[in-house]
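Some notes on the structure that comes next.
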Amino acid sequence: MLAAADGDAPTGKKAKNSKKGKRPKRTGWRRLLPTWRMVLGTCLVGVLLIIGVFFIGYSLVKIPPANAFATKQANVYLYADGSQIARDTRDSQVNRENVSLAKISKAAQHAILAAEDRDFYSESAVDPKAMVRAAWNTATGKGKQSGSTITQQYVKNYYLAQEQTVTRKAKEFFISIKLDREKSKDEILEGYLNTSYFGRSAYGIQAAAQAYYGRDAADLDPARAAYLAALVNAPSEYDVVAHPENRNAAVARWNYVLDGMVKKGWLSQAERTGMKFPMPKEQILSTGLSGQRGYLVEAVRQYLITNKVITAEELEAGGYRITTTIQKDRQDAFVKAVDDQLMSKLDKKNNKVDTYVRAGGASVDPKTGEVVALYGGIDYVKQYTNGATRGDFQVGSTFKPFVFTSAVENGSTTQDGRTITPNTVYDGTNRRPVQGWSGGAYGPENEDQRSYGPITVRKATDLSVNSVYAQMAVDVGPAKVKQTAVDLGLPSDTPDLQPYPSIALGTATASVLDMAEAYATLANHGKHGTYSLVKTITKNGREEIKLPERNVKQAVSREAADTTTSVLRSVVESGTATAAQAAGRPAVGKTGTAESDTAAWFAGYTPELATVVAVMGQDPVTAKHQPLYGALGQARINGGGAPTEIWAQYTRDALEGEPVKDFDLRLQQGADRIQEPPATSGTAEPGTDGGQDTGGTATDGGQDTGGPSATPTAGATTGTPADGGQTTGGGAPATGGTATGGTPTTGGTTTTTGGGPATDGGGTATTGGGTPGGGTATGGGTPGGGTDAGGTTATDGGAGGGPGL
């Protein structure tokens, strides 16, 4: 018994100890949580894996030999018929001259560091925090960001390709670390400065200094160095000569670089304060892109890149064969028209203003959307900026048709409830404050401070009456006007395309090509499809690159587009653009002038072609916009002069041999009825307008009698508007479009939807045997009335003028 008891003692103690050391079981939600041992173990395994992957990657990835550019090919650009425009060697030849760091000014070195990597000398080869931040911003839609140090960028430029892949980024990471151990910071910075791309085919700081400022890298001062440093971020976009519309963005980046230099102590605040933006010089290119060839190539490149057909890097690799939509015979006709009507008349030696004159033009087939001709300037080698694609001059009154189109499209009414039609009567008084606008007082000036009194929309379009169109913009709604302009073809981000009453005066700065697209939509009865500059593109003669599909949609109703066409026809027949009649075909259009007469426009179309021409003023040295007063020996250059004359000659020659087509118009309901204000109904005389929406000519030919209380022009007595035309000399109203002593000009076929028949007839001849079609004004006045020019600045909230006729 005793033995048995002794044997039981240890057993009981063991059981007791075992019970004491046992952990309580985890219950409830705690069972879902990992223990600290599990967390610690996982972290240790993770760290070991990362370290293992790092060492494996570090050992496997070798520093490769440098990239070679010897295999690059040129890109070939062709006309629509297959004949060659140019072999663009810019894309395949590398313009680079390597220099040592000692031959690069300290200002240039510091500017690059301030722009790209301010802590380069103190940081490691890679910046994990920046990489994580860039990856997060890219993933969350804040834009693609590289998060790369200068060392990483140098590795990408010198050793690797440009593709954005995980493999390439991994290689870049490991090579950067190795390179940082094998080379000094100065060697890496020198390599980076010699391999970075600055635009204008310039690789490296030395080539860039010569391309933009004609000096060596050793002679770069802080201002110029900061601009070159800014270019690295966006070489194509920040070239303020090629893209003057991006100047603000480029200057902002330039300021960012300079501020960084001050912050790091590389530039004194005093020197920074007095610094002015250093305008780069025009690009000097090889003669292979001389004449119009360079402009065409640049426009096509911009089209391909903007529409994401191929990237700038892919173009630089070369090997593409690009067939454009440009038709050689029409391209030649455009160049000849500009030379005949403008360039040959300049006297640059004796008239300084003539040195400011530049031109831009674009012609689009309304049915296909193909750009058939472009005029960029006198010579791409001598004048780099493309006049057809630049977007920094106001379009002036060529915008007014978009306001009227929007009015018809939206069924808009005047402040007193009358439907806006070609024959709606407005008050054309100079500086008349617009009604119904809550943004403050605004009363724009008319050209030459003229007051027109009661005047129809048609006549106000003929004479480009600012007070009428500013009020119409408010009646429609400036936001709706903007939307219509975008629907017709203007880019939504067009500078100064703002929803204010002044939008009607053409304060927006669209390009000639953008305006041609919008007018092509009107010519195509309101159907819009984005323009195209490329028919086909192949890579290395085999692989065909897919082009964006042209989606055509009814941007505005046919009635809205066609009624606008009917209004614009009288601008050509008796308004400010009578010179367009020289095209010898049914034609419509609108003149326009930028503020301070820095540009004059004509935008017009026939059923077959929509073409826009602009004559612009720019100082060849400073690139500043300049007024064209005195150019061509004339007091002023207006839209009805050289731009319309160029348009007429080009259109005549481009359509030579083709059948003459007339406009087939479907007008808005009630377009043929006078819409007078209630207070003046039955007594007001709407200017000397031809009155009815016959799609043709007003009787007066452009002279204004100022309404019921005005003194008749040239001794004529103003009668009452009647169906078909304005009677003169106090005679009875003419019916059916016939005026005393003249034969009505036959217009296009017009029909009125939902209403009575519109009068068929191009317009009325003037009393006394005047020329049919409105070519001669009543009483011997000048056809077209007034001149096409600008006024004072249009400012919403104040009485201003703005762009002119």
Side-chain angles (χ1 to χ4, degrees), residues 67-95 161-164 197 199-203 235-236 242 283 285-335 362-365 368-377 379-381 384 386 388-389 513 517 529-551:
N67 283 325
F69 293 98
T71 58
K72 284 192 172 184
Q73 303 176 61
N75 292 322
V76 180
Y77 296 81
L78 308 172
Y79 287 109
D81 63 5
S83 59
Q84 184 172 300
I85 297 174
R87 182 177 292 274
D88 188 8
T89 56
R90 292 178 312 163
D91 294 328
S92 62
Q93 290 184 344
V94 179
N95 174 25
Q162 299 290 325
E163 75 270 17
Q164 294 290 335
Y197 183 60
R200 297 193 180 186
S201 301
Y203 286 83
S236 298
Q283 184 176 14
L285 301 169
S286 68
T287 55
L289 294 177
S290 61
Q292 296 298 308
R293 289 176 291 183
Y295 298 120
L296 296 177
V297 167
E298 187 58 38
V300 171
R301 284 168 52 90
Q302 188 174 324
Y303 171 82
L304 292 172
I305 295 170
T306 301
N307 287 279
K308 299 180 180 179
V309 179
I310 47 181
T311 66
E313 290 78 11
E314 288 171 332
L315 269 174
E316 287 164 15
Y320 292 96
R321 189 175 182 84
I322 303 163
T323 302
T324 72
T325 60
I326 302 297
Q327 299 176 14
K328 191 175 187 307
D329 56 343
R330 288 178 170 174
Q331 178 67 25
D332 293 342
F334 216 143
V335 175
S363 186
V364 178
D365 183 329
T368 66
E370 293 183 348
V371 180
V372 298
L374 281 179
Y375 184 90
D379 190 328
Y380 190 63
V381 175
Y384 181 49
N386 193 331
T389 58
L513 185 53
E517 179 179 341
T530 54
Y531 69 81
S532 172
L533 267 167
V534 177
K535 280 182 174 290
T536 61
I537 176 171
T538 58
K539 170 72 171 177
N540 295 326
R542 295 184 301 274
E543 178 187 357
E544 184 165 346
I545 309 300
K546 185 178 180 181
L547 294 170
E549 295 182 4
R550 182 173 185 261
N551 298 317

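One-based numbering along the sequence shown.
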Quick one: list whatever passes side chain to side chain donor-acceptor pair (under 3.5 Å) with T306, sequence neighbours left out.
none
Results of salt bridge (charged side-chain N to carboxylate O under 4.0 Å, His left out) for E370 - residues two or more places apart only
K535
Going through the checks in order, is the side-chain hydrogen bond (donor to acceptor under 3.5 Å, both in side chains) test met by Y203 and E316?
CA-CA 12 Å; Y203 286 83; E316 287 164 15; 3.2 Å; yes
Mind checking side chain to side chain contact (heavy atoms under 4.5 Å, CB included) for N551 and listing every partner two or more places apart, or none if nothing turns up?
E549
Check whether any side-chain heavy atom of L547 lies under 4.5 Å from a side-chain heavy atom of I537, and answer yes or no.
yes
What distance separates L304 CG from Y320 OH, expressed to the nearest 0.5 Å?
9.5 Å
Among residues at least two apart in sequence or on other chains, which ones pass salt bridge (charged side-chain N to carboxylate O under 4.0 Å, His left out) with D332?
K328
Name all residues meeting the ring pair (Phe, Tyr, Trp, His ring centres under 6.0 Å) criterion together with Y375; count only those two or more places apart in sequence or in a different chain, and write none if there are none.
none
Could you state the interatomic distance from CD1 (I310) to CG (N75), rounded to the nearest 0.5 Å?
7.0 Å
What distance separates L533 CG from I326 CD1, expressed to the nearest 0.5 Å?
5.5 Å
Between T325 and V372 (side chain of the first, backbone of the second, donor and acceptor by atom type, cut-off under 3.5 Å), is there such a pair?
no
Give a yes or no on whether the backbone of L374 and the side-chain of Q331 come within a donor-acceptor separation of less than 3.5 Å.
yes
Could you tell me which residues satisfy side chain to side chain donor-acceptor pair (under 3.5 Å) with E517, sequence neighbours excluded, listed by chain and number?
H528
Backbone N/O of G376 and side chain of Q292: donor-acceptor pair under 3.5 Å
yes
